[in-house]
Amino acid sequence: MSYFERHIFFCLNQRENGDNSCAQHGAQQGFDHCKARVRELELGGVGAVRVNKAGCLDRCAGGPVAVVYPEAVWYSYVDNSDIDEIVEKHLKQGEVVERLRLPDHIGR
């Protein structure tokens, strides 16, 4: 068993040269909302869920993005309702949210 059942990493990268990056698309707000929801639902802690910040995850074209491990499921989200759905379905119930899944071909 892993120390955490699931990790969700949010790309918060900001490119200084003006190139597309997750920070330009509300990534910090998505991270903050996810962290708050996990706390509210008491899903966090050892043996449960960990919400983490990440630098560039190299999938900028789909930004903002988050990835859930150990399943390695990549998500693109638009607003708090998308984050709520990821928290409720994937982080809590273990069900992948297909409608928010980032297509494999989306990269930088």
Side-chain angles (χ1 to χ4, degrees):
M1 175 180 237
S2 180
Y3 192 75
F4 294 109
E5 181 181 13
R6 289 191 178 85
H7 261 100
I8 183 166
F9 292 90
F10 283 80
C11 177
L12 301 182
N13 191 53
Q14 173 69 53
R15 294 190 186 282
E16 298 302 321
N17 65 2
D19 285 351
N20 193 32
S21 63
C22 290
Q24 297 168 326
H25 300 285
Q28 182 68 52
Q29 193 273 337
F31 168 81
D32 292 342
H33 185 74
C34 184
K35 194 140 179 104
R37 289 295 295 150
V38 165
R39 191 177 311 115
E40 287 170 20
L41 297 172
E42 298 180 352
L43 299 176
V46 176
V49 174
R50 175 76 181 170
V51 182
N52 281 94
K53 298 176 182 180
C56 185
L57 294 173
D58 211 27
R59 304 219 43 206
C60 310
V65 300
V67 60
V68 177
Y69 286 105
E71 296 92 340
V73 174
W74 290 82
Y75 290 112
S76 182
Y77 55 92
V78 175
D79 55 26
N80 287 347
S81 65
D82 288 345
I83 299 296
D84 291 343
E85 190 171 357
I86 293 167
V87 169
E88 183 63 33
K89 290 188 178 171
H90 195 151
L91 301 182
K92 184 176 179 182
Q93 300 172 15
E95 176 186 333
V96 174
V97 183
E98 292 296 336
R99 75 174 193 85
L100 297 175
R101 199 168 192 170
L102 186 64
D104 291 339
H105 71 278
I106 304 290
R108 194 167 193 189

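With values rounded to the nearest 0.5 angstrom, R101 atom CZ is found 12.0 Å from W74 atom CH2. Atom OH of Y75 and atom CD of E98 lie 7.5 Å apart (nearest 0.5 Å). The CD1 atom of I106 sits 11.5 Å away from atom SG of C60, with the distance rounded to the nearest 0.5 Å. We find the NZ-CD distance between K92 and E42 to be 10.5 Å, quoted to the nearest 0.5 Å.
The salt bridge (charged side-chain N to carboxylate O under 4.0 Å, His left out) contacts involving residues 44-60 comprise D58-R108, where partners must be two or more places apart or lie in separate chains.
Under the 3.5 Å distance criterion, the side-chain polar atoms of S76 are matched with a main-chain donor or acceptor of G62. One N or O on the side chain of D79 and one on the backbone of D82 form a donor-acceptor pair closer than 3.5 Å. Side-chain N or O atoms of Y77 include none that pairs as donor or acceptor with a backbone N or O of G63 at under 3.5 Å. Side-chain N or O atoms of N52 include none that pairs as donor or acceptor with a backbone N or O of F9 at under 3.5 Å. Without hydrogens or angle criteria, Q24 side chain to S21 main chain gives a donor-acceptor distance under 3.5 Å.
The heavy-atom pair separating E5 from G47 by the smallest distance is CB-O, 3.5 Å. Closest of all the heavy-atom pairs between E40 and R37 is OE1-NH1, 2.7 Å. Minimum interatomic distance between C11 and G55 (heavy atoms only, all atoms of both residues): SG-O, 3.5 Å. In terms of heavy-atom proximity, C22 sits nearest to A27 at O-CB, 3.3 Å.
With hydrophobic clusters built from ILVMFWY side chains whose heavy atoms lie under 4.5 angstrom apart, I8 shares a cluster with L43. No path of Ile, Leu, Val, Met, Phe, Trp and Tyr side chains, each step under 4.5 Å between heavy atoms, connects V68 with V65, placing them in separate hydrophobic clusters. Hydrophobic clustering (ILVMFWY, side-chain heavy atoms < 4.5 Å, transitive): V67 and I83 are in distinct clusters. At a threshold of 4.5 Å between side-chain heavy atoms, the hydrophobic network of Ile, Leu, Val, Met, Phe, Trp and Tyr places F4 and V96 in two separate groups. Side-chain heavy atoms closer than 4.5 Å link hydrophobic residues (I, L, V, M, F, W, Y) into clusters, and following such links, possibly through other members, connects L91 to V97.
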Problem - Criterion side-chain contact (heavy atoms from CB on, under 4.5 Å) on L12 and F31, from CA distance to verdict - result: CA-CA 8 Å; L12 301 182; F31 168 81; 4.1 Å; yes
Exercise for the section: Run the numbers on S2 and H7 for side-chain contact (heavy atoms from CB on, under 4.5 Å), then give the verdict. Expected result: CA-CA 10 Å; S2 180; H7 261 100; 5.9 Å; no
Problem - Residues C34, V87; criterion side-chain contact (heavy atoms from CB on, under 4.5 Å); working and verdict - result: CA-CA 7 Å; C34 184; V87 169; 3.8 Å; yes
Handout entry: Working for salt bridge (Lys or Arg N to Asp or Glu O under 4.0 Å), residues E71 and R6
Key = CA-CA 8 Å; E71 296 92 340; R6 289 191 178 85; 2.7 Å; yes
Handout entry: side-chain contact (heavy atoms from CB on, under 4.5 Å) between H90 and V73, intermediate numbers included
Key = CA-CA 10 Å; H90 195 151; V73 174; 3.8 Å; yes
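A salt bridge links E85 to R99: one of the charged nitrogens lies within less than 4.0 Å of a carboxylate oxygen.
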